Amino acid sequence: MTFMSTSRCGSRKDGLFGRPGDFSPLNYSSLAGGRVNFPKRGRADCQSFLDSPVQSLKHVGSTTARHLKRLDIETVEDLLYHFPHRYLDLGRIRKISQLREGEEVTVVGVVRQIKRFRSRKGIRVLNIGIYDGTGYLYGVWFNQDFIADRLGEGTTAAFSGKVFFRYSRLQMENPLFEVIDEKTDLGRDTVHTSRIVPLHPATQKLSSARLRRIIKDLVDSCADLPDPLPAHLRTKRDFPPRALSFREIHFPSSEVSCKRARKRFLFEELFLMQLGLAIRKRRLGLDTRGIRHRGSGDLMERFCCLLPFELTSDQRRVIAEIRRDMEAPHPMNRLLQGEVGSGKTVVALVALLIGVQGGYQGAVMAPTEILAEQHFLKMETFLQGLDVNFALLTGGLTASEKGEIQRDIKDGNVDIIVGTHALIQDEVGFKKLGVVVIDEQHRFGVRQRVNLKEKGYSPISSRWTSGQQPDVLVMTATPIPRTLSLTLYGDLDVSIIRELPGGRSLTEHVKTFVCDKDHRRWAYEKIRSEIEQGRQAYIVCPLIEESDKIQTRAVMEEAARLQNEIFPDLRVGFIHGKLRPAEKEEVMQRFRKGSLDILISTTVVEVGIDVPNASVMLVEDAERFGLAQLHQLRGRIGRGQHKSYCILFADPATEEGRARMEAIRRIKDGFQLAEADLEIRGEGQVFGMRQSGLPDLKLAKVVRDVDVLLEARKEAFDIVERDPSLNFPEHRLLLMEVQRKFAANLDWLFHS
Ligand code: ADP
Ligand code: MG
């Protein structure tokens, strides 16, 4: 929100004054009649009033309704929540004799004379003399003859604008104006002048003045709108009632009360969102019957004994959290965050084994086949010597192989099944599914992430269980800033692994360079010198679409160029999306074993590869990658004890691009980087709130308002703890409000 001081608000550039659109025909005669007394509304009335179409309002016909729709405004409620983005303080009413050049003021006077003429350039000029008993002021309009229709001689009106001294007299150019009479309460009844004037986001077709007119009538008729916020909350936080807040945010009586109103609505929107998340969390968890797993047992013990290393303290803590969840009689819904290589797999295996030792089955879902295969390989190492049957189900299998595995799953011969989402969702019936691990890596990262339901989580619960929902562990390698884990993931419990095995931090000894083309020779020399010291290197080319033929060729051409021209004496291999899984695996295997010096690839290496000997990474066109992705890529090096170098070739064309490159160069910590990303790109981009199923945020910016977010979350979760279905009489309106806010996603909220 900006409060424009009157000394700045009249600049022509921002079009605040004198834009022709601001003077579209208004019904000034209704000015003083704005306070319509509606009968006191009951709860249901209120609901239907808020839900009624904008066309039911005064001044809104079908054309205006169409224009409003462009602003996503369809109902009365939408309009009420269409808040001003700026205000002009035009509340200072002055006598003409006291005016000084350059001031922005409001003058109230009578129209005395009207003159029309053409300037030398052919512009039609309208010149209206205004008299207030102390002197004359002249209002000047260009090419807007119709103004005179509403400002006939003898009309009393308020004029707001910037004062100029021209041709030895006082002028206002294109002033905002408003016809008034003796009944008009200046600053209360006026809409466009003599007050703090709101500027609502407008369109070409629907001016801010027009919106003001419509909204003024609406807020004046809303005086008895009940308040959904429980009274104790309002008192505690000293919030004005909702109806008053609507009036004060749209048509403030003072800057202070406007700020109070904005504070209230900011809290309200975060609070309602958190309330929805609290309800959902409750439904998924406490209110649903889950499996009481046995947290300790023979299998677990043997597994821990056989581990070739000590668990880190983060791993132990997270395992304890998971165990507590799983032993509880409610399903687990937990998000496990930890960068690639932080040891999530072991933790996930513990969760799976807790299920298996009690006679249940476990499922692991990975976003790609490569990742599913890698999980399977890891299981082969970690589950060796344990009496656990596990299987991999991928698209590469023949129909009969698939059929056989599916039968085994159904009969309970397989304890743990690994596969991609699709396979597990579509084909498989379980005998007794108890634990689901969803590995999102970053593929379903924050941006594309929609609610879990769509990602195949609730289909699991509804299809595979009868009353007893499996426990669910979602793993992600993308560091999720706290603000996001409180909103997008706000219905999950969160566990974080920060410390990496061996006590190193991933990018601790990685130095990042952002370079332009001129440094290419230097970069190649760096690669060569590292390889001469026995290290290995990655070269990453951006990939727009994994199936993109041109791109595949680009990688192959680049590989040929590097092999033939730059590194003819070195061993270069490449992988891209077009290779079959087996071929990819073979190349990766060679790189892992050290029989390749350089691995050229598309972003395939992003996930899963662990080659401690690799110490250089060169990324082409780095500005095309997201920050999370670059950070993932960078995590491929510096995994051993060697100092490592990440060289990003970038030519960012935009301010945002430069800011992102600067962030990746400077910030090593994934969480900090994620916060920076949020700030640089703006929440809208990163959030995808719309797709997320969460209500839109109009006033709040979660990074900036994280304190309010935390308070709102606490209040919301407290209320849901006391009254899980919002059944208390004092929560009835609240329930309706939450339902309304989550309208499109009620199913998500209440039924999954
Ligand atoms: P993530 O799944 O989080 O990417 P992994 O579970 O694959 O990470 O672990 C990365 C590597 O670290 C693996 O080789 C794993 O065996 C090893 N590892 C895991 N936990 C520990 C530990 N506590 N101490 C030493 N090495 C570990
Ligand atoms: Mg449980």
Side-chain angles (χ1 to χ4, degrees), residues 300 303-322 334-353 362 364-368 370-386 390 392 416 418 420 435-445 473-480 494-508 510 585 588-589 591-594 603-614 628-629 631-641 669-671 674:
M300 275 274 294
F303 173 74
C304 291
C305 281
L306 288 174
L307 272 183
F309 44 70
E310 289 272 303
L311 292 172
T312 65
S313 66
D314 273 3
Q315 280 172 321
R316 280 200 302 272
R317 178 178 41 78
V318 171
I319 286 173
E321 286 164 352
I322 289 173
R334 190 168 279 279
L335 175 69
L336 171 57
Q337 298 186 52
E339 300 197 29
V340 177
S342 61
K344 296 187 295 298
T345 307
V346 180
V347 173
L349 282 174
V350 169
L352 292 163
L353 293 179
V364 180
M365 300 202 282
T368 65
I370 293 192
L371 282 170
E373 282 163 21
Q374 286 196 351
H375 277 299
F376 185 75
L377 290 176
K378 282 182 193 171
M379 280 183 200
E380 283 189 326
T381 2
F382 283 119
L383 299 182
Q384 223 172 31
L386 298 175
F390 53 97
L392 176 69
I416 300 174
V418 188
T420 56
V435 198
V436 176
V437 173
I438 302 174
D439 185 3
E440 294 204 329
Q441 290 290 1
H442 94 295
R443 191 58 71 109
F444 304 115
L473 182 68
V474 184
M475 302 199 293
T476 169
T478 309
I480 299 171
V494 178
S495 292
I496 302 178
I497 303 182
R498 286 179 191 275
E499 153 203 32
L500 300 184
R504 75 212 149 96
S505 113
L506 249 195
T507 40
E508 197 174 285
V510 175
E585 188 46 46
M588 287 207 206
Q589 202 63 50
F591 190 68
R592 238 177 251 138
K593 285 204 311 250
T603 51
V604 178
V605 288
E606 213 176 302
V607 273
I609 280 200
D610 189 2
V611 180
N613 191 45
Q629 225 178 354
H631 186 67
Q632 288 277 358
L633 282 170
R634 181 167 66 175
R636 308 301 85 223
I637 52 172
R639 299 172 78 86
Q641 294 313 310
D669 175 76
F671 287 90

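Just so it is clear, the model here is predicted, and its values are computed rather than measured. We use all heavy atoms of the structure for the numbers below, so side chains are in, but hydrogens, waters and symmetry mates are not. Whatever order the structure lists ligands and atoms in, that order sets their numbers, starting from 1.
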Fill in: Thr345: numbered ligand 1 atoms lying under 4.0 Å from its heavy atoms
2 (O), 5 (P), 6 (O), 7 (O)
Worksheet entry | Residue part near ligand 1, for Leu311, under 4.0 Å between non-hydrogen atoms | backbone
Discussion item. If the cut-off is 4.0 Å to any non-hydrogen atom of Thr312, which atoms of ligand 1 fall inside it?
Written reply: 23 (N)
Worksheet item: Is the side chain of Arg316 donor-acceptor paired with the backbone N or O of Leu311 at a distance under 3.5 Å, no angle test?
Response: yes
Fill in: CE on Met300 to CG on Leu352, rounded to 0.5 Å
11.5 Å
Response to the item:
Distance col, row Ile319:CD1 vs Thr312:OG1, nearest 0.5 angstrom, shows 8.0 Å
Item to complete: Taking Arg636 for its side chain and Val611 for its backbone only, find out whether a donor-acceptor pair lies under 3.5 Å.
Response: no
Discussion item. Under a 4.0 angstrom heavy-atom cut-off, which atoms of ligand 1 come close to Gly343?
Written reply: 1 (P), 3 (O), 5 (P), 6 (O), 8 (O), 9 (O), 19 (C)
Worksheet item: Is there a heavy atom of Lys378 sitting under 4.0 angstrom from any atom of ligand 1?
Response: yes
Fill in: Enumerated ligand 1 atoms positioned under 4.0 Å from heavy atoms of Phe382
16 (O)
Discussion item. So for ligand 1, is Pro501 a polar contact partner (N or O within less than 3.5 Å, distance only)?
Written reply: no
Practice prompt. Report yes or no: does a heavy atom of Ser342 sit under 4.0 Å from some atom of ligand 1?
Written response: yes
Discussion item. Taking 4.0 Å as the limit for heavy-atom contacts, which would you say applies to Glu310 with ligand 1: side chain only, backbone only, both, or neither?
Written reply: backbone
Fill in: Shortest non-hydrogen contact between Ala372 and Leu392, atoms and distance
O-CD1, 3.7 Å
Worksheet item: Taking all atoms of both residues into account, what is the closest heavy-atom pair of Asp314 and Glu499, and its distance?
Response: OD2-N, 2.8 Å
Response to the item:
Distance col, row Glu321:CD vs Arg334:CZ, nearest 0.5 angstrom, shows 4.5 Å
